[in-house]
> 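Structure incoming, see below.
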Amino acid sequence: MANVVVVGSQWGDEGKGKIVDWLSERADVVVRFQGGHNAGHTLVIDGVSYKLSLLPSGVARPGKLSVIGNGVVVDPRAFVAEVTRIREQGVKVSPDNLRIAENASLILSIHQELDELRENAASPSTRIGTTKRGIGPAYEDKVGRRAIRLVDLAHPETLMNRIERLLSHHNPLRRGLGQAEVAPETIRDELMGVADFILPYMDVTWRLLDEKRKSGSRILFEGAQGALLDNDHGTYPFVTGSNTTSGQAAAGSGMGPGALDYVLGITKAYTTRVGSGPFPTELFDEVGDFLGQRGREFGTVTGRKRRCGWFDAVLVRQTVITSGINGIALTKLDVLDGLDEIKVCIGYEIDGRTIDYLPANQEEQARVKPIYESMDGWKESTAGARSWAELPAQAIKYVRHIEELIGAPVAMLSTSPDRLDTILVRDPFQD
């Protein structure tokens, strides 16, 4: 019985919501291990849609324990708002089914303000494309050893010392950006206003998870964003503030790497990206418009239109390696229905030479040109298929060729947003 890590193998928005929901029904514990409330996914359970940003997907299912790990940066105000909204939909959320790591760092209003000020002040060519929710600045404070952590709210007698240390960094930044300084009392009042709501959820989650593992519980580790937004292995600097590859599941939960048995990479049958940064296979023609409209490519959290392009086997092969992906869940195959021709990027050309990886240098990333391989499309519909026998032969050929190019097998195949429209090749929990 395996514990499963779910990561996005592209730039996020690969359709993790449906797959994670499918897996969470089979799991006992669902753990968020990185990111914040800047990424989200939609779960559809019994015809009801639940939009989650911070809460683990298991929270919408009775009998599951959800854990927000220490690798997540938590906005207490966003937490209160999301829990309140989900409760209004009839979902029971309490410390009985949700815990937050005591050592999780917090996102404060000053982080969100700094995020927005920086992004607005940057020139169009240097904007990261942040969601302006304070994620990056919060991670900066964590690494800078000045963050306010959840456990600090339980010790109001020393909280002001923590706040003053934090503001000794932030107030000079604010002055430099032409903003008024923030008084320590303002931050204290902000935190004390949510402390009574959030503190009952606090726990020593690394110990809790170890107990669950030893008792035989199935644990699902749920990431946000995608591996190409990883702070080390992504398209830096157009990345998020945390590590999004599978190794973070161990560090961001307090469990050792030996507890991670199977890594499932959620992979879209084409490629999308939100925000700025390199995108070698991006399409600016009617095919790109077709993919965006058919695939309903708009962000769950931001509503921003996603950039669309052909499947990039170079990038996915790279994330298969950096995340140790054992198998992929290929999503949105049905979006490709009806195309006469489908292209797949199999390499890059740069400065007269051919390479099989994305360079780390920002300028080189922007200059690489995709080398395409063309395949015939299919006219038959794959939408709603629940077995290989229901798929057109050419669609099967496309899937098999992707497996060869990325060096990982397809464990699951999704053919519509409906959770039942899934072809299971290998159950990750039975590894």
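Scope of the values below: all heavy atoms of this structure, side chains included, with no hydrogens, waters or symmetry mates.
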> So which atom in V59 and which in L55 form the shortest heavy-atom distance, rounded to 0.1 Å?
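In terms of heavy atoms, the two residues are closest at CG1-CB, 4.0 Å.
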> Hey, is CH2 on W22 packed in by over 12 heavy atoms from elsewhere, all under 6.0 Å?
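It does: W22 CH2 has more than 12 such atoms within range.
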> Nearest 0.5 Å, what's the CD-CD1 distance between Q89 and I86?
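Q89 CD to I86 CD1: 5.0 Å, rounded to 0.5 Å.
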> For R294, is there an ion pair with D334 - N to carboxylate O distance below 4.0 angstrom?
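So D334 does not pair with R294 through a salt bridge.
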> What do the steps show when you test L191 against I187 for side chain to side chain contact (heavy atoms under 4.5 Å, CB included), and what is the final call?
CA-CA 6 Å; L191 291 171; I187 301 299; 4.0 Å; yes
> Does any donor atom in the side chain of R133 or S53 lie under 3.5 Å from an acceptor atom in the other side chain?
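No, no side-chain donor-acceptor pair sits under 3.5 Å.
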> Are any of the side-chain nitrogens in D13 or R306 under 4.0 Å away from the carboxylate oxygens of its partner?
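A salt bridge is present here (some side-chain N lies under 4.0 Å from a carboxylate O).
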> Do you know the tightest heavy-atom contact between V30 and S57?
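The answer is CG1-OG, 3.9 Å.
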> Hey, what do you get for OG1 (T267) to CG (L315), rounding to the nearest 0.5 Å?
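Reported value, rounded in 0.5 Å steps: 11.5 Å.
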> Could you check whether K214 pairs with E211 (Lys NZ or Arg NE/NH1/NH2 to Asp/Glu carboxylate O, under 4.0 Å)?
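No.
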> Among side-chain atoms of N243 and N231, is any donor-acceptor pair under 3.5 angstrom?
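Looking only at side-chain atoms, N231 and N243 do not form any donor-acceptor pair under 3.5 Å.
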> What I'd like to find out is whether the side chain of D289 reaches to under 4.5 Å of the side chain of L283, using heavy atoms alone.
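They are not in side-chain contact.
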> Working to the nearest 0.5 angstrom, can you tell me the gap between N38 CG and T240 OG1?
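Going from CG on N38 over to OG1 on T240, the span is 5.0 Å.
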> Going by an N to O cut-off under 4.0 Å, is there a salt bridge joining D152 and R149?
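So D152 does not pair with R149 through a salt bridge.
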> State, to 0.1 Å, how close P392 and W378 come at their nearest heavy-atom pair, and which atoms those are.
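Looking at all heavy atoms of both residues, the closest pair is CG-CD1, 4.0 Å.
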> Parallel, tilted or perpendicular: which one describes the rings of F311 and Y398, with boundaries at 30° and 60°?
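Plane angle over 60°, so perpendicular.
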> Salt bridge or not for E222 and K64, using N-O below 4.0 Å?
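No, this pair does not count.
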> Could you give the distance from OG (S66) to CD1 (I100), rounded to the nearest 0.5 Å?
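Spacing of OG (S66) from CD1 (I100) equals 11.0 Å.
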> Given the rule in the side chain to side chain contact (heavy atoms under 4.5 Å, CB included) test, do V31 and L209 qualify, once you have shown the distances and angles that lead to the verdict?
CA-CA 9 Å; V31 185; L209 290 172; 3.7 Å; yes
> Under a 3.5 Å threshold, yes or no: a donor from one side chain and an acceptor from the other, between Q225 and Q34?
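Yes.
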> For D196, is the CG atom crowded, meaning more than 12 foreign heavy atoms sit under 6.0 Å from it?
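No - once you tally the heavy atoms of other residues, nucleotides and ligands closer than 6.0 Å, there are 12 at most.
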> For Y236, does the OH atom have more than 12 heavy-atom neighbours from other residues, nucleotides or ligands under 6.0 Å away?
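Counting neighbours around OH of Y236, 12 or fewer heavy atoms of other residues, nucleotides or ligands fall under 6.0 Å, so no.
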> Taking the side chain as every heavy atom from C-beta outward, state whether L208 and L65 have any atom pair closer than 4.5 Å.
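In contact.
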> Between R386 and D421, is there a salt bridge with N-O shorter than 4.0 Å?
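A salt bridge links D421 with R386.
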> Any carboxylate oxygen within less than 4.0 angstrom of a Lys/Arg side-chain nitrogen, looking at D28 and R218?
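No, this pair does not count.
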> Could you measure the distance from the CD1 atom of I110 to the NE2 atom of H170? Nearest 0.5 Å is fine.
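The CD1 atom of I110 sits 4.0 Å away from the NE2 atom of H170.
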> Going by atom types only, do Q248 and S242 share a side-chain donor-acceptor pair under 3.5 Å?
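Their side chains do not contain a donor-acceptor pair, so the 3.5 Å distance test is not met.
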> Does the side chain of S9 come under 3.5 Å of the side chain of T319 through a donor N or O and an acceptor N or O?
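No pair is found: no donor N or O on one side chain lies under 3.5 Å from an acceptor on the other.
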> Side chains of D337 and T382: donor-acceptor distance under 3.5 Å anywhere?
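There is such a pair (donor and acceptor under 3.5 Å, judged by atom type) between the side chains of D337 and T382.
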> Cut-off 3.5 Å, side chains only: do K18 and S414 have a donor facing an acceptor?
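Judged by distance alone, the side chains do pair up.
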> Kindly give the heavy-atom pair with the smallest separation between V335 and F290, and that separation in Å.
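For V335 versus F290, the nearest heavy atoms are O-CE2, 3.4 Å.
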> Decide yes or no for R426 and N326: does some side-chain heavy atom of the first lie under 4.5 Å from some side-chain heavy atom of the second?
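A side-chain contact is absent here, since even the closest heavy-atom pair is not under 4.5 Å.
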> Flag the pair K132 and E119 as a salt bridge only when some basic side-chain nitrogen lies within less than 4.0 angstrom of an acidic carboxylate oxygen.
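Here K132 does not pair with E119 in a salt bridge, since their nearest N and O are not under 4.0 Å apart.
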> Before giving the answer on side chain to side chain donor-acceptor pair (under 3.5 Å), spell out for H111 and D75 the whole-Å C-alpha distance, their side-chain angles and the decisive distance to 0.1 Å.
CA-CA 10 Å; H111 294 127; D75 185 328; over 6 Å; no
> Could you please spell out the steps behind the side chain to side chain contact (heavy atoms under 4.5 Å, CB included) verdict for L114 and R118?
CA-CA 6 Å; L114 178 60; R118 284 175 171 172; 3.7 Å; yes
